[in-house]
Amino acid sequence: MSDSSPPLTDADTPVVVPRIDPLVIKSLEYLGPMAKQGGWRPDPDLPEIAFAGRSNVGKSSLLNRLMRRKSFARVSNTPGRTREIHFFNVNKLFCLADLPGYGYAKISKARKAEWRPLIEGYLKDSPVLRGVVQLLDVRHDPTEDDLTMLDFLADLGVPTIFAVTKIDKLRKLEVKPRLETLSKFLGLDIDQIVPFSATTGLGRDELASALIDLLALPDWKVPEDHADEPSEPEAT
């Protein structure tokens with residue numbers, strides 16, 4: 001029996017629309033480390049976005065995936081080794097600040113006491129900080145150290161993106177309930193957090209889009225009432 005189906009035409013062929021990368025990495029330059037509060041930091045020529053999270057939350061792996069580089073942020077077998085804030089120029093568009101991971105149990109109290117002023121001092125004093133990407137492990141409720149950081153960010157009023165890492169470690173049926181639990185804990189709608197997997201790439205473009213949106217926001221340190229006011233002319 002002959003096939004009576006009509007031949008496919010160009011109009012019948014499914015159209016595949018290529019996904020547009022919201023953050024194509026064209027250039028990536030390491031600028032250097034800030035080792036202590038008030039120490040060296042890059043000139044504030046570009047807006048900065050900081051990445052924060054406790055040790056072993058998967059920050060290095062997330063940054064490698066986000067920047068599409070295998071060894072952009074070194075993945076250490078021993079969490080807590082990073083003791084400095086590392087700065088990277090991304091596309092000459094913004095500066096990425098990789099903050100030290102906090103909360104690692106085997107780090108001495110003296111070392112922890114050094115890190116807190118470094119992190120909090122940077123977040124308070126950076127003149128060009130546009131926002132923070134706060135990382136949380138999807139498998140665990142926020143720790144006491146996480147809550148301390150969240151309270152600090154809330155007190156500052158800095159715009160914050162919440163990225164929930166290691167989504168691939170859960171079974172598919174477990175993901176949504178965990179995201180709902182975390183969103184309620186944070187007082188956010190579930191669509192305000194970005195589920196992320198450095199292994200599969202899930203959430204990479206969504207996080208990249210959120211960064212671009214963050215950079216487009218007005219400076220949060222400038223009061224809205226004065227943001228659009230013209231500067232006063234210099235006295236002659």
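Being a predicted model, the structure only gives us computed values, none of them experimental.
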Could you go step by step and tell me if V133 and L211 meet the side chain to side chain contact (heavy atoms under 4.5 Å, CB included) rule?
-> CA-CA 9 Å; V133 179; L211 296 184; 3.6 Å; yes
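- Of all non-hydrogen atoms in E206 and V194, the two that sit nearest each other are CB-CG1, 4.1 Å.
- A salt bridge is defined here as a Lys NZ or Arg NE, NH1 or NH2 lying under 4.0 Å from an Asp or Glu carboxylate O, and D137 with K169 fails to meet this definition.
- The ring-ring contact (aromatic ring centres under 6.0 Å, His included) check on F88 picks up Y30, F72, with sequence neighbours excluded.
- Tested against F51 for a side chain to side chain contact (heavy atoms under 4.5 Å, CB included), the candidates L96, I161, L99 yield a single pass: L96.
- If you check the side chains of T160 and Q134, you find no donor sitting under 3.5 Å from an acceptor.
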List the steps, then state whether side chain to side chain contact (heavy atoms under 4.5 Å, CB included) holds for Y102 with R116. CA-CA 8 Å; Y102 55 79; R116 182 164 178 171; over 6 Å; no
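- In the displayed structure, K221 atom NZ is contacted under 6.0 Å by more than 12 heavy atoms of other residues, nucleotides or ligands.
- When every heavy atom of I190 is checked against every heavy atom of S183, the shortest pair comes out as CA-CB, 3.9 Å.
- We find the CD-CG distance between Q37 and D125 to be 6.5 Å, quoted to the nearest 0.5 Å.
- Between L179 atom CG and L136 atom CG the span is 11.0 Å, to the nearest 0.5 Å.
- R69 places a side-chain N or O within donor-acceptor distance of the main-chain N or O of M67, the cut-off being under 3.5 Å.
- No donor-acceptor contact under 3.5 angstrom links the side chains of T148 and D145, judged on distance only.
- Smallest separation of non-hydrogen atoms from P22 and I212: O-CG1, 3.8 Å.
- One finds the CG atom of D141 at 10.0 Å from the CG atom of D146 (value rounded to the nearest 0.5 Å).
- Salt-bridge formation is not detected for the pair D155/K124: no Lys NZ or Arg NE/NH1/NH2 atom is positioned less than 4.0 Å from an Asp or Glu carboxylate oxygen.
- Of all heavy-atom pairs spanning W40 and L31, the tightest one is CH2-O, 3.4 Å.
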